[in-house]
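Reviewing the structure listed below.
We name chains A, B, ... by the order of the sequence lines, and we start the count at 1 in each one.
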Protein chains: 2
Amino acid sequence: MARAIDEGLLAAARLFAGIGGAELHRIAEMARLVSRPAGGEFFSQGDPATAFFLLVEGRARIVQITSDGQQVTLRYIAPGEVFGAVPLFSGGPWPATALAVVDSTAARWSREATDRLTAQYPVILANALAIVGERVREIEDRYRELATERVEQRVAHALLHLANVTEKSPAGAEIDFPISRQDIAELTGTTLHTVSRILSAWEQQGVIESRRMHVRILRPEGVRAIAAEARPEGRSRL
Amino acid sequence: MARAIDEGLLAAARLFAGIGGAELHRIAEMARLVSRPAGGEFFSQGDPATAFFLLVEGRARIVQITSDGQQVTLRYIAPGEVFGAVPLFSGGPWPATALAVVDSTAARWSREATDRLTAQYPVILANALAIVGERVREIEDRYRELATERVEQRVAHALLHLANVTEKSPAGAEIDFPISRQDIAELTGTTLHTVSRILSAWEQQGVIESRRMHVRILRPEGVRAIAAEARPEGRSRL
DNA sequence: CGGTAATTTGATCCTCGTCAACCTGAGTGG
DNA sequence: CCACTCAGGTTGACGAGGATCAAATTACCG
């Protein structure tokens, strides 16, 4: 359980940009590795925030649960990404729950360790600010999508994002972790039924291929076209 | 135009928490006051980010404009609040436009001033982190609302927020700046028609009172009840 | 091979967006 | 001071987009 933390990962993490090897070693020593099986929690909405995490291996998702039990997925976390840091800096309890999507391991710095960290390496504060700023922008973009786009477009955007499809990805890409229709629905603000219908249609058209808990993008162009699709423009149907 | 900046406002601003009077004076001197008439812009989506602002007087709103011209309002800014700071710390152009809702004045610190500021007063970095963290939480909450609630509930939440209705506001409250049905629609992800119908109904019920560009909450309880209203038939799982 | 979770698919319902028309009141200029 | 103008607001009619309800069907697991 208490294996060593891969310092290569820390060196690549944006949070520790500008910090040298020797210091990284000490930073690594201040963390504890925590592992969770698929479905396990790193922290739970409402609990007091006592640490921040950096995902080492696996995949995590941050979900909010409403009072009536609906789940909304705020983001997916890939290895090297920081999560759970916001409430450490701005106070309050965890605003959401962090779930392991597959068996996962994260480095965990306690609040005390975090205080020492930021005192010794002020550049971490600046890095954290940049990361959180980036997060604001992403969430604002998702918010705009939710407010202005139809479900089909939002699902298309989500797939492109989850499969890491960039500008130039002529070949196909696939989501490299298990994901259900329900998961996609919680990420895009719709229901699993609608997601199922949409994916079935796309599979018919040959732009994607999907099996249980699995989606592969065959024609990124096609998906991108759907994502960009404008509203029925002008007065069309009558 | 180049009046002195009210240092009392700076002292009260969360960004400068922990900074003493003498230093505040120097910080104030690093800023320039900029005024905009109602409808004017402090900065515009897509332009390079060259400064951050603190609203001194008036009211501003941050809007994103989609490629097909729809507007989405991300937030309203009250005096004492910082805006436009995120891209200074995480790079990139302005992700949105800042509009003056009424004739407004803001203090503006250039990028160079900001660099000196954070170098001389590192506590500003920590304060900025807390502020941006708070913003993340707010947007995430709005996102969850948009994903899970019906229009009527979202409008109710928005009115309570805009009118500064807190837990204990037995008396009425009102939105103290001009706001149209269209503005409320852009804030809640709906259309002015739907907002108009909703406000008309509420006025019938006597929970609010509204005139052109103006909304007053008569019975906060009533509005809060609507905001909390569960979907017909609670099927609360979990 | 059952058993269960994920998925598909049909049928129906309902919220809310769209279209259209009209009303209202605050300026504005003659 | 009044007719004009026009942005803001109201209201009705209609139906598209999805949510909801209801079964099946399929895939994986022990």
Side-chain angles (χ1 to χ4, degrees), chain A residues 37-39 66 68-72 101-102 145-156 175 177-186 188-204 208-216 226 229-238, chain B residues 38-39 66 68-72 101 145-156 175 177-204 208-216 226 229-237:
Chain A
T66 66
D68 61 330
Q70 287 182 84
Q71 293 203 355
V72 173
V101 173
V102 293
E145 279 181 19
L146 197 51
T148 62
E149 298 182 351
R150 279 173 301 120
V151 174
E152 204 173 8
Q153 296 171 261
R154 304 203 303 267
V155 172
I175 299 177
F177 53 88
I179 190 165
S180 69
R181 306 294 187 257
Q182 175 71 39
D183 293 333
I184 296 172
E186 287 174 6
T188 52
T190 179
T191 63
L192 76 162
H193 308 279
T194 298
V195 171
S196 178
R197 283 180 231 272
I198 288 173
L199 296 193
S200 293
W202 291 353
E203 189 149 24
Q204 287 283 323
I208 67 161
E209 176 181 79
S210 88
R211 304 192 279 289
R212 176 185 257 233
M213 304 294 279
H214 180 96
V215 178
R216 162 187 285 271
I226 294 164
E229 206 164 77
R231 288 267 167 163
E233 202 52 46
R235 44 238 54 171
S236 57
R237 300 204 108 269
L238 273 185
Chain B
T66 66
D68 62 330
Q70 287 183 84
Q71 292 203 357
V72 173
V101 173
E145 279 181 19
L146 196 51
T148 63
E149 297 182 351
R150 278 172 301 119
V151 174
E152 204 173 7
Q153 296 171 262
R154 304 203 303 266
V155 172
I175 299 176
F177 52 90
I179 190 166
S180 69
R181 307 294 187 255
Q182 176 70 37
D183 294 333
I184 296 172
E186 288 174 6
L187 186 65
T188 53
T190 181
T191 63
L192 77 162
H193 307 281
T194 298
V195 171
S196 178
R197 283 181 233 273
I198 288 173
L199 295 192
S200 293
W202 292 351
E203 190 149 25
Q204 287 283 323
I208 68 162
E209 176 181 80
S210 89
R211 304 190 281 289
R212 173 184 261 234
M213 302 295 278
H214 180 96
V215 179
R216 161 186 286 271
I226 294 164
E229 205 164 78
R231 287 270 164 159
E233 276 316 299
R235 77 165 335 82
S236 38
R237 287 282 266 120

Separation of D:dA27 atom P from A:Met213 atom CE, nearest Å, is 15 Å
Which part of the nucleic acid, if any, lies within reach of A:Ser196 when heavy atoms closer than 4.0 Å are counted: base, sugar-phosphate only, or nothing? base
CD-OG1 distance between B:Glu149 and B:Thr188, expressed to the nearest 0.5 angstrom: 11.5 Å
Could you check whether the side chain of B:Arg197 and the base of D:dG12 have a donor-acceptor pair of N or O atoms closer than 3.5 Å, going by distance alone? yes
Please give, in whole Å, the distance from C:dG17 P to B:Ile198 CD1? 9 Å
B:Ser180 side chain near D:dA7 phosphate (N/O to OP1/OP2, under 4.0 Å): no
Within this structure, what is the CG-to-P distance between B:Leu192 and D:dG8, rounded to whole angstrom? 10 Å
Using atom CD of B:Gln70 as one end and atom C1' of C:dT18 as the other, report the distance to the nearest whole Å. 12 Å
Whether A:Arg181 contacts C:dT8 is assessed here as follows: a side-chain N or O lying under 4.0 Å from the phosphate OP1 or OP2. Is that the case? yes
Among side-chain atoms of B:Ser210 and B:Arg181, is any donor-acceptor pair under 3.5 angstrom? yes
Check whether any side-chain nitrogen or oxygen of A:Thr190 sits under 4.0 Å from OP1 or OP2 of D:dG18, and answer yes or no. no
Within this structure, what is the OG1-CZ distance for the pair B:Thr190 and B:Arg150, rounded to the nearest 0.5 Å? 12.5 Å
Just verifying a value: how many Å separate A:Leu192 CG and A:Arg197 CZ, rounded to the nearest 0.5 Å? 9.5 Å
Quickly work out the B:Gln182 CD to C:dG17 P distance and round it to whole Å. 12 Å
Using a distance-only criterion (donor-acceptor N/O pair, under 3.5 Å, no hydrogens), is the base of D:dA7 paired with the side chain of B:Arg212? yes
Between D:dA19 atom C1' and A:Glu152 atom CD, what is the distance in whole Å? 16 Å
Rounding to an integer number of Å, can you tell me how far B:Arg150 CZ sits from C:dC13 P? 19 Å
Rounded distance (Å) that lies between atom P of C:dG17 and atom CG of B:Asp68: 15 Å
Starting at CG of B:Leu199, measure out to CD of B:Glu152 and round the result to the nearest 0.5 Å. 10.0 Å
B:His193 side chain, from C-beta outward: closest of D:dG8, C:dT18, C:dC16: C:dT18
So does A:Thr191 get a side-chain nitrogen or oxygen closer than 4.0 Å to the phosphate oxygens (OP1/OP2) of D:dA19? yes
Is there a side-chain polar atom (N or O) of A:Thr194 under 4.0 Å from OP1 or OP2 of D:dA19? yes
